[in-house]
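All remarks here apply to the structure that follows.
These figures come from a predicted structure and were not determined experimentally. Within every chain, numbering begins at 1; the chains are lettered A, B, ... in the order of the sequence lines, protein sequences first and strands thereafter.
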Amino acid sequence: MQDFLAYTVLGLCLGSVYAIAATGLVVTYSTSGVFNVAHGAVATMSALVYWQLRFGWHMATPIALVLTIVVFAPLLGMFLEILVMRGLRGTSEVTRLVTPVAVLLAINGAATWIWFRKSNRALVPQKFFGERHINVLGQAVYFHQIIGVGLSVLIAGALFVVLYRTRLGVTMRATVDDRSLLMLNGGRPDRASLASWAIGAALAGLAGVLLSPQLGALQVFALTLLVFDAYPAAVAGRLRSVPLTYVGAMVLGLSKLYFDWVSDAGQRWLVLRNLRNAIPAVLLFVALLLLPQDRLRGAVVSRTRERFKVPTLRQAVLWGVVLVACVAMLQSLMSGSAVISLANGISLSLLALSLVLLTGYAGEINLAVFTFAGIAVIAAWQFDVGPTGLATKQSLSVMAILLAVCVCALVGGLIALPALRLRGLYLGLATFAFGIIVYQLVILQIQPLHFNLFGWKFTVNLFSTGSLTVPRPNWFGIDFGGQRAFLMLMTVMFAIIGVGLIALRRSAYGRMIVAMKDSPAACATLGLNITRLKLGVFMLSSAIAGLGGLMWAAQRRTLPNNADFDGFASLTLFMIAVVGGIGYVSGALIAGIFLSLLSVVMPNIFAKLGSDYPSLHWLFVTVLGNFTHYVGPAMIGIGLGKNPSGIAQQVMDGFRPLRKAPVATAAWVVSLAGLWLLTWRGVLSNWNFALICVVSVFLVPRLIMSVFEARFADEERLVAGEDLDLIGLERPFRASDRQVLDTALGLPVTGVPHAPS
Amino acid sequence: MTFGGAAALSDVGVTAEAGAITGLIGPNGAGKTTLFNCITGLLQPTSGEILLDGRDISSLPPYKRSRAGVARTFQRLELFTSLTVRDNIRVAGEIRNRWSKTRVDPRAETDHVVQLLGLSALADRDVSEIPTGMARRVEMGRALMTRPKILLLDEPASGQDEQETEEFGELLLHLCAEGTAILLVEHDVSLVMKVCSFIQVLDFGRIIASGAPGDIQSNQAVLEAYLGEDHRA
Amino acid sequence: MSEPLLELVDVRAGYGSIEVLHGVTLTVHRGEVLALLGPNGGGKSTSLNVLAGLVDIMSGEVRLAGRPVTGVGADKLARLGVCTIPEGRGVFPNLTVRENLMMATHTGAKLSDIEAIAYERFPRLGDRRSQLAGTMSGGEQQMLAMSRALATNPAVLLLDELSMGLAPLIVSSLYEIVAQVAETGVSVLVVEQFARTVLGIADRAAIMLSGRITRVGPPDEIAEELSSAYLGGKGQP
């Protein structure tokens with residue numbers, strides 16, 4: 001009993017700190033409408049800044065604390081609001097989820113770059129007042145924890161007063177209710193948002209500083225995950241209610257400590273020892289499922305900025321062939337390491353294809369793509385290799401792939417369950433929580449699991465050896481073990497699945513999926529069983545993720561259990577896929593290549609430039625190389641708000657002029673092919689070939705555009721007799737249109753009333 | 001039929017007969033759209049029942065009610081904005097094919113409906129680009145593809161001009177002559193008076209009058225509650 | 001009466017790349033009630049939103065009391081005395097009545113004074129001061145919006161479809177208040193579907209079609225044109 005009470009006290013102490021972290025989220029969300037996924041990163045950055053000031057530069061604790069919590073964190077929050085969050089108005093839920101994800105990755109990347117670039121430094125955080133503590137019922141309660149409880153209570157009171165009793169607070173809440181109405185009332189929503197982001201970030205910073213001593217040494221992603229643990233509390237408060245958030249935080253703190261109590265601090269039930277780390281994710285999942293169900297929604301935003309066009313099947317097949325041919329031609333010129341980079345990219349593209357179906361077409365979200373890769377690998381590995389523990393087979397068999405794909409589809413059906421109730425952000429969180437749960441309980445499971453089913457005893461090894469070896473296929477007498485052959489296999493797979501997806505999108509089923517995304521309510525009133533359709537889409541998408549995941553693992557050959565399963569890799573892939581153009585198969589291709597390019601290839605190029613030009617080494621290697629490596633992918637994601645339809649769309653728009661000038665386009669393609677031949681024969685160097693390709697890709701469409709501009713303009717001239725209401729919808733309204741309009745309305749027609757824009 | 005805590009509708013009894021157009025009028029906010037949501041299952045009424053051909057469909061989910069023969073349009077348009085006009089209509093036929101025993105050729109059926117609604121010129125445009133009046137016709141076309149027993153139309157004429165409304169009225173009469181029951185919520189009172197055989201007036205969630213168009217036009221309570229002081233104009 | 005207070009001069013405006021107003025010139029004089037009428041989609045609300053500062057214009061000019069205010073934000077315009085009640089959503093649904101009224105204190109007025117005036121004008125609001133505005137009836141919400149608007153002592157009042165979703169009795173009592181306010185020298189621009197209700201209190205009226213002003217004149221003349229020009233069988237019987 002005494003133990004129980006003591007653990008209760010400790011649980012409440014932990015809960016208090018979670019409450020601070022979760023309240024920060026609630027303040028930002030309830031006053032600016034953005035769920036700040038980057039909250040954890042702000043906390044991480046603040047904890048590191050505090051460490052630097054307090055222990056790196058030996059400032060006094062109060063000064064370091066004030067500089068961190070009152071100066072640094074709020075400034076960071078305001079900076080994010082101005083630079084990033086303002087661009088998100090009028091974008092879809094997916095974009096509003098992805099951009100903060102990008103911010104998270106950028107901040108964490110920057111933190112890694114600043115503090116952990118060199119070797120493995122150990123930044124050891126310390127509690128306030130060191131190890132001083134009092135004894136409560138036989139358990140040590142540190143001064144640090146007592147301070148946390150005190151601050152937590154103080155913050156709860158202060159927030160109540162600010163949000164409900166001051167004009168600023170009411171303005172902050174009014175901003176979410178109706179931004180334009182607030183402006184019509186002389187309110188300044190921009191200032192209110194700034195204030196709410198400053199407060200939210202300050203709370204994140206405080207939580208980061210308070211939580212960090214739980215880690216023996218500061219680590220960027222571990223710290224971020226530590227703050228993620230507080231998210232279920234915010235969800236318990238439905239992201240709006242501060243009191244409920246506090247209740248949720250206490251439940252969270254208590255469940256962790258009670259688990260410690262019953263499991264004897266992890267000494268009992270070794271198989272379940274990772275459960276403690278999974279508790280917050282489990283609670284998050286449960287809290288999300290218990291949220292009141294959305295009414296069957298109608299169209300959310302009548303006109304979001306994202307628009308996706310669908311190619312015809314013939315175009316798709318043509319582009320598939322072009323892709324395979326291009327990769328084949330390119331790889332013949334490329335060095336071994338470049339081929340590996342390209343193959344890495346294509347393997348990620350295969351994974352990203354599952355998101356094109358799920359998110360691009362159906363508007364659903366899955367932030368645990370790599371989890372499916374992990375599940376697929378485990379399933380295939382169990383089948384192919386069995387319990388012997390060593391990879392004895394030389395080939396990834398088709399049966400193993402089929403099994404893995406089926407298992408993934410079934411698990412996909414499982415995570416479709418929350419999707420039936422949740423959407424947007426909440427669905428994203430649920431899938432993320434699912435990923436964490438699988439990571440902690442399955443993938444980190446190095447204990448062999450012994451089962452005894454009705455006397456049938458068997459043992460399952462998951463990641464018992466800490467890593468799995470995945471062989472590459474050897475089918476139809478072709479050995480795909482070599483990198484170039486495997487690259488081609490994956491490219492062909494990508495092309496086939498890609499064409500399949502486009503065929504699906506153009507089929508009746510595809511139209512239903514898109515219709516469901518646009519308006520579930522309308523679909524239901526047309527007789528569509530949305531539950532079944534969603535289930536189907538999730539299963540199919542998960543199956544693709546499973547196949548892609550297997551290829552990705554086979555590309556890596558050996559898969560350690562800490563590889564990319566902790567959630568952040570899935571976040572990154574999702575983000576880059578959206579940036580690439582989530583509604584397009586080509587978007588997935590761009591995403592995979594980009595991811596591989598930015599983290600490896602670009603830094604390598606800068607390293608080469610640095611060694612070529614030693615005087616500029618600092619610029620190329622220290623600044624540009626590190627920048628592209630650590631924060632490059634994230635920076636691209638942050639730019640998404642400006643171009644929510646993604647890169648694929650931009651590329652297509654850029655190449656549109658080519659269609660109207662087929663001869664010039666053909667000439668360009670033929671000359672590129674000729675150059676390839678010259679390079680292949682060794683006449684032209686690879687570098688020059690690459691340079692010419694890249695430059696011509698940017699230049700040729702513009703050249704063609706400028707040459708044929710006059711002709712294109714002619715074709716767009718107003719067609720007589722057009723419906724008046726439709727003028728100006730497909731192309732800009734012109735002065736001549738106004739004359740037509742005025743004549744029809746019986747108004748006197750005045751010369752040219754305004755200059756054409 | 002009552003709904004939620006604050007009763008948007010209370011004790012409303014509405015009947016629509018096959019082969020006839022029933023008008024439902026009343027000021028904005030009188031509860032007309034709420035009623036449609038209850039009939040189609042998007043909202044659950046706290047009490048009351050909905051009978052279709054004498055069969056109680058109150059406990060069915062929305063998609064099953066649609067399959068039973070209820071179709072509707074939305075006042076705040078619920079079009080599939082990623083699809084063209086034609087595909088918006090076609091997908092409704094394709095959904096129908098998934099459950100109905102009588103299969104149709106969605107393509108041919110779509111062409112027919114597009115023609116019927118006068119949408120041919122707009123068929124290959126994105127629905128987000130067409131004027132509201134035409135968008136309402138697309139919603140109606142989509143509803144027709146389910147071959148409903150009863151069609152609930154929520155302000156289908158708003159956004160259509162005088163001539164278009166005229167044609168639209170003809171179309172409604174043509175449809176009901178084929179045996180479809182139509183429940184029409186509409187602001188354009190002259191259209192309602194022209195096409196409806198029976199009219200019910202809803203105000204503050206209650207039926208305040210019902211009868212033939214002629215009776216409604218001379219009903220004093222209706223004139224005061226709905227048409228306002230300027231009813232003589 | 002003749003002094004122009006708020007003017008649109010050959011304004012083109014729209015959403016994104018789509019132009020809705022194709023050169024609109026419109027003047028609201030000091031102390032007058034101007035009714036802007038026309039079918040849906042003609043650009044009435046867009047014009048009002050341009051005047052309120054919510055929609056940026058592509059070309060032309062917006063003037064307030066003779067000074068150009070083109071490109072000035074809605075919040076700044078509100079502080080300069082342009083008060084708007086937008087269509088169908090004049091209140092913050094998740095704030096209480098009292099908090100809604102608090103949003104009018106940017107003029108420096110005390111909340112207690114604003115509350116006193118509002119509750120005197122609409123006693124029903126006084127009973128509900130701690131209730132969330134979104135849970136009140138449409139009429140009460142519009143009363144609240146009106147109280148808040150008047151509490152700022154505006155120079156111009158822009159009203160968009162005040163009658164939407166309201167019983168005629170409430171509509172006419174709201175417009176009575178509008179007429180009273182206009183008596184005190186406040187200029188009012190009304191966009192309204194219940195054309196005849198507004199024409200009763202308007203000093204002038206304008207018709208808008210396809211993004212152009214086609215007619216401006218005294219209410220009785222416009223009333224005749226309305227029925228022949230576009231209402232025909234539509235709107236009011």
Side-chain angles (χ1 to χ4, degrees), chain A residues 30-31 90 163-192 240 302-303 305 307 723-735 737-748 750 752-757, chain C residues 10 12 14-23 41-42 49 52-55 58-60 73-86 89-96 98-100 102-107 111 133-134 145 148-149 151-152 158 209-215 229:
Chain A
S30 65
T31 56
L163 286 180
Y164 291 91
R165 291 288 178 267
T166 66
R167 189 181 145 79
L168 174 71
V170 175
T171 307
M172 279 159 59
R173 286 161 53 218
T175 310
V176 198
D177 252 13
D178 195 330
R179 192 183 170 83
S180 61
L181 181 61
L182 178 63
M183 291 176 75
L184 292 176
N185 280 285
R188 292 173 180 140
D190 286 348
R191 288 192 195 181
R240 289 192 174 272
S302 52
R303 188 182 267 276
R305 279 151 52 192
R307 311 283 306 152
D723 191 338
L724 283 184
D725 285 342
L726 300 177
I727 296 179
L729 282 179
E730 289 203 321
R731 49 161 187 74
F733 193 88
R734 281 193 285 259
D737 295 335
R738 179 154 138 190
Q739 291 177 2
V740 174
L741 184 64
D742 283 0
T743 314
L745 291 173
L747 291 172
T750 49
V752 174
H754 54 267
S757 57
Chain C
D10 200 19
R12 292 163 55 232
Y15 304 92
S17 60
I18 295 173
E19 186 175 311
V20 178
L21 304 183
H22 310 302
N49 285 338
L54 284 179
V55 171
M58 298 163 175
S59 76
D75 51 338
K76 191 94 181 290
L77 279 175
R79 285 166 190 255
L80 288 172
V82 180
C83 186
T84 313
I85 302 184
R89 46 179 180 92
V91 299
F92 299 100
N94 290 311
L95 301 188
T96 64
R98 206 164 165 270
E99 287 169 338
N100 262 283
M102 198 193 254
M103 299 320 298
T105 56
H106 65 80
T107 53
L111 178 59
R148 201 186 51 222
T152 60
L158 307 176
L209 285 172
S210 303
R212 300 281 285 149
I213 300 281
T214 56
R215 187 81 175 82

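With hydrogens and angles disregarded, no donor-acceptor distance shorter than 3.5 Å links the side chain of C:His106 to the backbone of A:Gly187. C:Asn94 contributes no side-chain N or O that, together with a main-chain N or O of A:Asp177, makes up a donor-acceptor pair within less than 3.5 Å.
The residue among C:Gly134, C:Ala74, C:Gly53 with the most heavy atom pairs within less than 4.5 Å of chain A is C:Ala74.
For the atom pair CG of A:Leu184 and CE of C:Met103, the computed distance is 11.5 Å after rounding to the nearest 0.5 Å.
Nearest heavy-atom pair, C:Ala78 versus A:Met183, reported as atom, atom and distance to 0.1 Å: CB-O, 3.7 Å.
Using a 4.5 Å cut-off between heavy atoms, A:Thr166 touches chain C through its backbone atoms (N, CA, C, O) alone. Only the backbone of A:Arg165 comes within less than 4.5 Å of a heavy atom of chain C; no side-chain atom from C-beta onward does. Looking at C:Arg148, only its side chain comes within 4.5 Å of chain A, counting heavy atoms on both sides. Contacts between C:Thr152 and chain A at a heavy-atom distance below 4.5 Å are absent for every atom of the residue. With a threshold of 4.5 angstrom between heavy atoms, C:Leu158 does not approach chain A through any atom at all.
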- [ ] Go through C:Phe92 and A:Asn185 one step at a time and tell me if the side chain to side chain contact (heavy atoms under 4.5 Å, CB included) criterion holds.
- [x] CA-CA 11 Å; C:Phe92 299 100; A:Asn185 280 285; 4.2 Å; yes
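Around CZ of C:Arg79, the count of heavy atoms belonging to other residues, nucleotides or ligands within 6.0 Å exceeds 12.
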